[in-house]
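Read through the structure below, which is laid out as structure tokens, and then see the notes.
We count ligands from 1, going down the list as the structure has it; atoms in each ligand are counted the same way. Remember, it's a predicted structure, so these values are computed and weren't measured experimentally.
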Amino acid sequence: MPDDFDVVVVGAGMAGIYALVKLRELGFSAVALETADDVGGTWYWNRYPGARCDIVTTDYTYSFDPELEDEWTWSEKYATQPEILRYLQHVADKHDLRRDIRFSTTVEHAAWDDDTARWVIRTQDGSTVTGQHCVMATGCLSAPKAPEVEGFERFTGPVYFTSRWPHEGVDFTGMRVGVIGTGSSGIQSIPIIAEQAAALTVFQRTPNFSVPAGNGPTPPEMLAALAADREQYREAAKWSSFGVPLPVPTEGAMQVSEEERIRRFQQGWDGGTLFAFTGFNDMLLNPVSNACASEFVREKIRATVHDRAVAEALCPYDFPLSTKRMCLDTGYYETFNKPHVTLVDLRTDPITTITETGIDTSAGSHEFDAIVFATGFDAMTGAILKVDFAGRDGRTLEECWRDGPQTYLGLMTAGFPNLFLVTGPQSPSALSNMAVSIEQHVEWICATIDHLRAARFERIEPTETAQAGWVQHNTDWGDITLFPRAQSWYMGANIPGKPRVFLPFVGGVDTYRTICDDVVAQEYLGFSLSGADGSQCNDGVIRRLQPDVQLVIETLAELDLPLLESMSPSEARGLMAAINAQRPPGPDVGEIVDGVFPGVAGDLAYRLYRPASPGPHPVVAYFHGGGWVLGDAQYDDPFCRDLCVQSGSLIVSFDYRHAPEHPFPAAPDDGFAAVQWLAEHAESLGGIPGRLSVAGWSAGANIAAVVCQMARNAGGPAISGQLLVSPVTDADFSRASYTDNADGYILTKAAMEWFWDHYADAADRSDPRASPLRAGDLSGLPAAVVVTCEFDPLRDEGAAYADALAAAGVEVTHLPQRGQIHTSIQAVDVVISGAPARVEMGRALRRFAGAR
Ligand code: N01
């Protein structure tokens, strides 16, 4: 008879150990199956010289057992592998876990039996255990990558892998040693191997960014913070971005002077942590900020390595700093000043084959007594997929993950009931302090298993909808960062044939924890729970907004601003001016000129944005948003700059009279006057006569659309295209988007009612100059690009206008924006996820102007 357990845990590393503790505490029967002959996971296998933690070790510890914290004192800031292994062994002994761990046991196959609601788990010796739940605690950097070097098996001398180092250690004294790989493992081991070897040759394919660890005793200020209030310290770690309590940066690197920027980089560098460059909030978002930090590190390399050619070869240029895992080192760059250490740059001198006696590169042969592979892991998915999982319908996990991992919260996969992943793909895992993420996952999983027992459910499994939503959200997070620009293991790029998808969740430990808690609070949103007594499924997607849009909403919510509809127009104008003063300025343009033009009732202001390229340029009349009540010619300044850069057009942002002082139809009348004036003055302003488009956002898009109708009706001026961004097109609050998005997405239904009430009497609202969708005839209007945002009350009227224009034979492109809100798409340098749409808008204006 197979052994049967409530829970089978695979792996007895840091995660497996804690899972056993927690499951036992909750009264579940559990067993851990572990390939190694002892606990420790990563810290059991990675015994290479120099192997250390690279999170300050006091942070990289369990928090669940306060006694443990008192009885263990770390000897160094970054503890060595043997010390961390001893710690984990101590935890296993203290909690008497070994009796529930089967060592030297490798799980090969696991099949879900839906009739018994059990995982049937087969190990390498042919034996079977069953468990209602299976918890994969196999680590995300534990499946070594195959060597993938031609002739690998030919070398007759000893070959070592950093990830599977001999327990007895290796003495390289007097040897000629070749090391392939310059990731964290290579960078930690190379200086130590160099101390022993007679000659060391390092084969580097991609140089890495590394910060000096500054190892030594644990920083006293950290010990003091822990001693002062351990619980508060641990709590702060749980609600931090990386699982380490760090000050939260409030500025981007380009918002301070160069001197201040360098000062802070240096401060981070001297601090000797992986977080050296997290003192600014945009290091992983803004390529310019990142380039400054990258150059700072390259300068350090140049200043350290004496040989200029070697220094240059060690300088990373191929990827933004931190988009491949940052390294911490002790004397890495200095090692290359030693006369017996040679660097082979595989980008210019690739390996052709390994031979019986060494390594041949295109430029020559290198003879070795030993070769070390520090070539990394099949990260995040490798160890999970090593087990041949067959799910509910017999489908394998490998098949389901063929195009990249499909998970909900990184915790579970649809079709694989009761299979839990600890620090799996699409969770913060490798981008966080593992100790904190492991505890969070184990606690969530155990609480969930406990909930099933209490509610008399036998199975839990994510829905396809929830899972697809999570995969999308994970990708959306990755896409707003610079991570996809690197060929990294985060992207699966180190394994030939592995799908290129961004694997970890980059939104932060704090955000992720909130999301996991939200899922539970919403009755396990997106999970289906079932048992003999019934089932429950609250289906849905936990995060549908683009991640940066969500952040904007949360930030504004924290400010607790008064509702628009509670203010007078002048109060609202003051508030908007104050908010706008905080915006990033947008990109530089060639020139900005302020001027006046004759509006219908007197002069009005305009602001002209000229591209840096030589003119003349096509001309765009732009109308700002603000519900006909707020704003001026500078109101959408960053967006106008961006449009100018993206389109290569001269953007002229026109003021128009505002309600309630000047209600309908003052705004469109001024808008039409502006376009007539611009058509006449295009040439003198540096524009190309006859190449005039209109554009606007929100109420400004309403004016742009109306002006096109007025120009058509008046027989001129000729307008070649209209870019309508989240336009108001119809004074009608009955469309679904007004219900779906009435509240919670900054522009509310109540705010729109307030705008309309100030702008137009009920009787005027059906006039096509207020509601351009109501025009009887939309034929003969200029080509249009209509942008709508998913979570915008105005979404459906924008879509309706696009449809109506198309039905009238107008050339229309509708660009619906997933996960965006009314105020996000034009928020240049704030909402990065809107950048692709802004590029499209620029293209649209180029197209209108006749360019490709
Ligand atoms: O592996 P890596 P690692 N020919 O993938 C090169 C964690 N960790 O074991 O970049 C030639 O980073 C490869 O080159 P390229 C940490 O999260 C933590 O060093 O693919 N070269 C790269 O230089 C880390 O990120 C600690 O072009 C080949 C290197 O091998 C993760 O584990 C310590 C090659 C692999 O670097 C992995 O680190 C150590 C080939 N065929 C590790 N194949 C701590 O301190 C690969 N390379 C806690």
Heavy atoms from other residues, nucleotides or ligands near CD of Glu398 exceed 12 (cutoff 6.0 Å)
no

For Tyr18 together with His95, are the ring centres under 6.0 Å from each other?
no

Lys/Arg cation over aromatic Trp489: Arg325, 6.0 Å, 45° cone:
no

Compile the protein residues with any heavy atom at a distance under 4.0 Å from an atom of ligand 1; present them by chain, then by number.
Tyr48, Arg52, Cys53, Asp54, Leu141, Lys145, Pro147, Glu148, Val149, Ile180, Gly181, Thr182, Gly183, Ser184, Ser185, Gln188, Arg205, Thr206, Lys324, Arg325, Leu346, Ala374, Thr375, Gly376, Phe377, Trp489

Per the side chain to side chain contact (heavy atoms under 4.5 Å, CB included) rule, which among Thr138, Thr35, Val10 passes with Val107?
Val10

Heavy-atom nearest pair, Ala253 first then Asp282, reads N-OD1, 3.0 Å

Show me the donor-acceptor pairs, under 3.5 Å and distance only, between side chains in residues 492-509 and residues at least two apart or in other chains.
from: Asn494; atom 1: ND2; to: Phe377; atom 2: O; distance (Å): 2.8
from: Lys498; atom 1: NZ; to: Asp378; atom 2: OD1; distance (Å): 2.6
from: Lys498; atom 1: NZ; to: Ala379; atom 2: O; distance (Å): 2.8
from: Lys498; atom 1: NZ; to: Thr381; atom 2: OG1; distance (Å): 3.0
from: Arg500; atom 1: NH1; to: Gly492; atom 2: O; distance (Å): 3.3
from: Arg500; atom 1: NH1; to: Lys498; atom 2: O; distance (Å): 3.0

